[in-house]
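Since the structure comes first, as structure tokens, the remarks are kept for the end.
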There are 2 protein chains.
Amino acid sequence: MTDRQSYGNAPHAHHRCDQCDVRHKAMCAAVEEKDNDRLAAIVSHRDISPGQVIFEEGEPAEYAYNISRGEVRLYKLLPDGRRQITGFLGEGDFLGLVTDDTYAYGAEAMTPVELCIMRLSNLERLIADIPPVRDKLLDMSRDELAAAQEQMLLLGRKTAREKLLSFLLNRLDHSDVKTSEAKIILPMSRTDIADYLGLTIETVSRTFTALREERLIELPDTHTVMLPDLEAVRDASEAL
Amino acid sequence: MTDRQSYGNAPHAHHRCDQCDVRHKAMCAAVEEKDNDRLAAIVSHRDISPGQVIFEEGEPAEYAYNISRGEVRLYKLLPDGRRQITGFLGEGDFLGLVTDDTYAYGAEAMTPVELCIMRLSNLERLIADIPPVRDKLLDMSRDELAAAQEQMLLLGRKTAREKLLSFLLNRLDHSDVKTSEAKIILPMSRTDIADYLGLTIETVSRTFTALREERLIELPDTHTVMLPDLEAVRDASEAL
DNA sequence: AGGTTTCATTGATGTGGCTCAATGGGGCTG
DNA sequence: CAGCCCCATTGAGCCACATCAATGAAACCT
């Protein structure tokens with residue numbers, strides 16, 4: 001599951017932050033034109049291949065990351081190997097808020113990932129000097145907290161069917177491709193979905209099949225889901 | 001469950017913040033001596049009796065709160081009434097971080113509660129003007145996020161037994177009475193515990209009984225738990 | 001192209017926790 | 001202090017989801 005190789009590949013040289021594709025979505029959007037050089041001076045880049053570990057839970061936290069390309073899973077483990085995925089991150093998302101000086105969760109690439117890296121000490125100085133950055137991070141952690149609470153409701157009180165439908169609706173909201181027909185691409189495996197929803201892989205698979213037979217969803221292939229009747233899905237995701 | 005009466009009792013007059021019992025634990029600790037007057041000028045107080053609603057999920061958020069006395073539960077509801085408690089708050093805790101301008105969860109008093117109230121608009125000005133306040137709030141939401149992720153692990157992947165033991169250990173950590181024997185006071189009902197752990201009241205009750213029969217816990221009365229062998233509890237809370 | 005590995009699906013069976021139901025006990029009220 | 005109400009406990013049976021096991025299908029390597 002985590003064939004950690006050389007711990008990521010060698011970092012690149014610095015980059016032009018003002019030309020970054022995901023700048024507008026990322027924390028960096030809070031940095032003004034004039035401070036761009038300062039931002040560029042403290043970031044470097046790294047490519048990560050699918051399945052590789054970015055960092056592990058409990059590891060001393062040295063860096064914070066912005067995802068400039070690809071998809072990442074965050075997870076926590078129990079001693080016997082049970083895993084809970086606490087979130088999926090994508091382009092523009094920020095990675096590495098820490099409490100005590102260790103990472104509170106592990107992070108792995110699900111697809112090829114391009115990371116924008118900065119030392120936490122440098123980030124802290126940036127935060128102190130540029131108030132909008134601090135505001136942006138506060139906002140982001142507020143949003144994350146609201147999402148976490150929604151996920152607690154899902155994990156603690158929803159059925160398998162409701163969990164899966166809520167998950168699909170979430171994915172739809174967060175996808176940027178807004179076609180008329182609701183189409184969802186799932187970059188993660190069934191196992192990842194199961195570990196995110198507090199289910200087993202078999203239950204996820206069976207529930208997908210059941211939903212397809214009810215015509216609530218279509219599955220053109222394993223990693224694509226279509227929602228032909230959004231209203232029906234919304235109703236079924238919280239039962240009535 | 002929520003006999004909302006007159007929506008709290010009449011607010012008191014302002015208070016001496018510098019004499020506040022919970023100041024050192026609260027966000028207010030980040031306000032310096034010289035800014036005390038400014039803090040005192042924007043806060044008022046309110047007493048809430050057990051079971052009363054402080055605010056409801058989805059309600060437009062106008063105020064933020066500090067808890068100066070008592071215990072509060074936060075929760076989210078599904079349309080059919082299923083409830084997930086997302087957290088328990090106590091003295092010094094802050095209440096009312098919002099995403100869009102509505103509360104992301106409901107809040108109810110579990111015991112008699114004394115609240116320190118401030119308008120969100122005033123708090124925002126305080127945040128903008130006094131950087132340590134912003135830092136403190138960022139820290140607090142980081143901690144809350146870490147706790148939320150831990151709770152996701154619990155809800156998604158732990159057994160009833162592990163859930164209950166983890167819950168007790170958490171309560172022990174957050175209690176300020178540090179006696180040699182590990183003693184825990186639970187202000188909340190069995191139903192609250194069930195809704196926090198994603199269980200039913202019957203399972204909570206049965207699990208308590210089973211743990212007592214194994215001598216992992218003692219139950220002098222319904223709302224008191226003793227942990228005679230902390231190591232054994234820690235092991236059992238994550239299985240091996 | 002063939003062989004291997006990995007991942008998803010499906011089936012058969014088991015079980016932890018839920019549901020439904022009855023009983024017990026502690027605290028409040030009059 | 002009797003009666004009531006609320007809450008917790010306990011029991012019996014059931015079911016949603018887990019576990020165990022087999023098969024199918026796609027991706028990967030050589």
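Proteins get letters first, then strands, A, B, ... in listed order; numbering begins at 1 in each.
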> What's the CD1-P distance between Ile193(A) and dC17(D), to the nearest Å?
Replying inline: 16 Å
> NA contact type, Ser205(A), heavy-atom cut-off 4.0 Å: base, sugar-phosphate, or nothing?
Replying inline: base
> Atom NE2 of His223(A) to atom C1' of dT6(C): distance rounded to whole Å?
Replying inline: 11 Å
>> For Glu238(B), is there an ion pair with Arg82(A) - N to carboxylate O distance below 4.0 angstrom?
In response: no
>> Counting only heavy atoms and a strict 4.0 angstrom limit, can you tell me which residues of residues 207-222 of chain B come near DNA chain D?
In response: Thr209(B), Thr222(B)
>> List the residues meeting side chain to side chain contact (heavy atoms under 4.5 Å, CB included) with Thr111(A), not counting sequence neighbours, and say none if there are none.
In response: Glu71(A), Val113(A), Pro187(A)
> Which residues pass the side chain to side chain contact (heavy atoms under 4.5 Å, CB included) test with Ala147(A), sequence neighbours left out?
Replying inline: none
> Listed by chain and number, what are the ring-ring contact (aromatic ring centres under 6.0 Å, His included) partners of Phe167(A), not counting sequence neighbours?
Replying inline: Tyr196(A)
>> I need the CZ-P distance between Arg190(A) and dA27(D), as an integer number of Å.
In response: 13 Å
> If an axis is fit to five pairs at each end of the helix from dA1(C)-dT30(D) to dG30(C)-dC1(D), what is the angle between the two, to the nearest 10°?
Replying inline: 50°
> How would nucleotides 13-20 of chain C be written as a contact map, 5' to 3', with B for base contact, S for sugar-phosphate-only contact and - for no contact, using protein heavy atoms under 4.0 Å?
Replying inline: ----SSBB
> With Lys76(B), which residues qualify under salt bridge (Lys or Arg N to Asp or Glu O under 4.0 Å), at least two apart?
Replying inline: Glu150(A), Glu57(B)
> Does Arg69(B) have any salt bridge (Lys or Arg N to Asp or Glu O under 4.0 Å) partners at least two apart in sequence or in another chain, and if so, which?
Replying inline: Glu114(B)
>> Measure CD/Glu162(A) against C1'/dC17(D) and give the value in whole Å, please.
In response: 14 Å
> Nearest-Å distance, CG (Leu164(A)) to P (dA8(C))?
Replying inline: 13 Å
> For Arg206(A), which residues count as a side chain to side chain contact (heavy atoms under 4.5 Å, CB included) partner, sequence neighbours excluded?
Replying inline: Glu202(A)
> Do any pairs count as a salt bridge (Lys or Arg N to Asp or Glu O under 4.0 Å) and have a residue in residues 214-231 of chain A, sequence neighbours left out, and if so which ones?
Replying inline: Arg161(A)-Glu214(A), Glu231(A)-Arg234(A)
> Does Asp192(B) have any side chain to side chain contact (heavy atoms under 4.5 Å, CB included) partners at least two apart in sequence or in another chain, and if so, which?
Replying inline: Arg73(B), Arg83(B), Ile85(B), Phe88(B), Met110(B), Met188(B), Ser189(B)
>> Looking at every non-hydrogen atom in both residues, tell me the closest pair between Gln151(B) and Met152(A) and how far apart they are.
In response: CG-SD, 3.7 Å
>> Restricting to ring-ring contact (aromatic ring centres under 6.0 Å, His included), what partner residues turn up for Tyr65(A), sequence neighbours left out?
In response: Phe55(A)
